[in-house]
Amino acid sequence: PLQARLTAPVAALLERAETPDPDALRTTAAGRIWRLALPPMPVAATDIRAALARGERPRDLLPAAVLDYIDRHHLYASPHDRAPRR
């Protein structure tokens, strides 16, 4: 199980803050942890980085906010793409 791989401080936090109610994420000032089970995706981070380096936008693999951050900070771009434009 997942908890067997957690450090003691993380396990203690999870025990204190975990909730079965996703609405508690919005209504609790100190925050809560709600576990969401997702099926594994058959893609490696290496594949995502390679797609980004080719100039592709893997919208189905990364949230828009992550893609925006990558674009804003010129991450995974070739050195030619990073050069200031004149």
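Contact between Tyr76 and Ile70 at its shortest, heavy atoms only, is CD1-CG2, 4.0 Å. The minimum heavy-atom distance between Val10 and Leu6, with the atom names listed, is CG1-CD2, 3.9 Å. The shortest non-hydrogen separation linking Trp34 to Pro20 is NE1-O, 3.6 Å.
Residues forming a salt bridge (Lys or Arg N to Asp or Glu O under 4.0 Å) with Asp60 (at least two apart in sequence, or on another chain): none. Arg59 is linked by a salt bridge (Lys or Arg N to Asp or Glu O under 4.0 Å) to nothing, counting only residues two or more places apart in sequence or in another chain.
Taking CG from Asp68 and NE2 from His73, the interatomic distance works out to 10.5 Å, rounded to the nearest 0.5 Å. Arg26 contributes atom CZ, which lies 14.5 Å from atom CZ of Arg32 (distance to the nearest 0.5 angstrom). Within the model, atoms OG1 of Thr28 and CD1 of Ile33 stand 11.5 Å from one another, a figure rounded to the nearest 0.5 Å.
With contacts defined as side-chain heavy-atom distances shorter than 4.5 Å, the pair Leu67/Pro58 qualifies. Contact check for Tyr69 versus Leu75: side-chain heavy atoms found under the 4.5 Å cut-off.
A salt bridge links Arg35 and Glu18; the closest N-O separation between the charged side-chain nitrogens and carboxylate oxygens is under 4.0 Å. Between Arg57 and Asp71 there is a salt bridge, since a side-chain N of the basic residue sits under 4.0 Å from a carboxylate O of the acidic one.
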